[in-house]
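Some notes on the structure that comes next.
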Amino acid sequence: MALSKEENDMLTQVGPGKPAGELLRRYWQPIGFANELQGKPKKKRILGEDVVLFKDEFGKFGVLALRCMHRGTSLEFGHIESGGLRCCYHGWLFNVDGKVLETPGEGAESTFKDRVRQPSYKVQELGGVLFVYLGPEPAPLLPRYDVLARQDGQRAMRARIVNCNYFQMIENSVDQNHLKWLHRGITTPTWEDGEINPQIFEHGVLNTYTRRVAGKNWAHVNFFVMPTINKTGNVEEGHPTEHRASSSCEVMRWRVPIDDTSTIHYTVEFANVVEGKPTAKLMKDRAAEGVQDTVFGKYRWDDETGWLAREDQDRAAQESQGVIFDRTAEHLVTTDKGVILLRKIYKDGIEAIKQGRDPLGVVRDPAKNELIRLEPREEMLD
Ligand code: FES
Ligand SMILES: [Fe+2]
């Protein structure tokens, strides 16, 4: 049941006008961290489009098309001043909405600036992450997922580049079988073959992976959230079902296409704080550094285990599938149920857009968006 070349293109091409590109544009996407700008604008590339991200003197964030509408100089070299972002070349001044505030030298009576606009996109901040919306109006709500919206704990976040197409990265999230093999640890060889049971739910795919570990039946429950997110966590060190992809804090990961051949992997960890102490260990927060670079084919090694280092295991598996995995040559089996279901919900989402409907997981009801709680867990079944 390999895909045809046309189906593979449909799922992997992210630019404007492409089926998956249009689907991805129906959701808010991370574009950076609130504390990474440090007084300067930054060039960003997202879904094949070049933009500039900046924070004005009033603390408002803006995302504008990268090239100045006057004569095309990159706004990443602009100055934050006079209530907006001023192009370095001839001083045109833009506000966060793309309104042209000044066209120096055109005379005070000129109305030209009132008749043109720099293309702009909506931005919102939640939990220290900046989200942009590149799709058609009306924009949906920015989903208030627990790791971003909760106030009763601590967060740590970072972002890094993975040098391949986003779709093979999100297939990893619904592929429970890889936990036992790619993230093998001391206890995983004792896991008996289990049952993988992905189900569609309101926001994406609810993954349940049941297996026998140490003579007991366990269910590992986590979430894939449309369009590129997963939510895992809550398996403590020393737990009988421990594997090297687990963590005791709750984690959300977004895979945001830069273009068809590279992706930014955003990770946000959350641990609630009880009596002044975080209940789980968080990674080092690296938000202020912005996006970390990585090199295709180069992975860290863990001498202690004699195996790929934990933080590069998924990247090694995903990048070595090829920059854009050619699914015409694959051989799917029963443990790939989740992958098959993910491709189906993408195809259904593309179809929904053609029919004028929202795809799965788009949030528009404020009553359902106070806090979107997704609770990953490891449950003993008997
Ligand atoms: S190119 Fe930006 S002001 Fe001229
Ligand atoms: Fe993994």
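Just so you know, ligand 1 is whichever comes first in the structure, and atom 1 is the first atom listed for that ligand. Being a predicted model, the structure only gives us computed values, none of them experimental.
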Given the options K231, R255, R253, S173 meets side chain to side chain contact (heavy atoms under 4.5 Å, CB included) only with R255

Return the residue, atom name and 0.1 Å-rounded distance of the protein heavy atom closest to atom 4 (Fe) of ligand 1. H90 ND1, 2.0 Å

Please confirm whether the backbone N or O of G238 pairs with a side-chain atom of E242, one donor and one acceptor, at under 3.5 Å? yes

If the cut-off is 4.0 Å to any non-hydrogen atom of G91, which atoms of ligand 1 fall inside it? 3 (S)

Atoms of ligand 1, numbered as shown, that sit under 4.0 Å from any heavy atom of W92: 3 (S)

Check whether any N, O or S atom of C68, backbone or side chain, sits closer than 2.8 Å to atom 2 (Fe) of ligand 1. yes

Of all N/O/S atoms in H70, which lies nearest to atom 4 (Fe) of ligand 1? ND1

Is it true that N207 and H220 share a donor-acceptor pair across their side chains at a distance under 3.5 Å? no

Side chains of E250 and P376: does their closest heavy-atom pair fall under 4.5 Å? yes

Tell me whether the rings of Y145 and W254 are parallel (<30°), tilted (30 to 60°) or perpendicular (>60°). tilted

Have Q176 and N222 got a donor and an acceptor in their side chains that come within less than 3.5 Å? yes

Just to confirm my output: which protein heavy-atom neighbour is closest to atom 1 (S) of ligand 1, and how far is it? R71 N, 3.4 Å

Are P227 and Y346 packed together at the side-chain level, in the sense that at least one heavy-atom pair is separated by less than 4.5 angstrom? yes

D175 near the Fe ion (ligand 2): N/O/S under 2.8 Å: no

With the Fe ion (ligand 2) at the centre, find the angle made by NE2 from H178 and OD1 from D314, to 10°. 100°

Contacting atoms of ligand 1, where contact means under 4.0 angstrom from a heavy atom of C87: 1 (S), 2 (Fe), 3 (S)

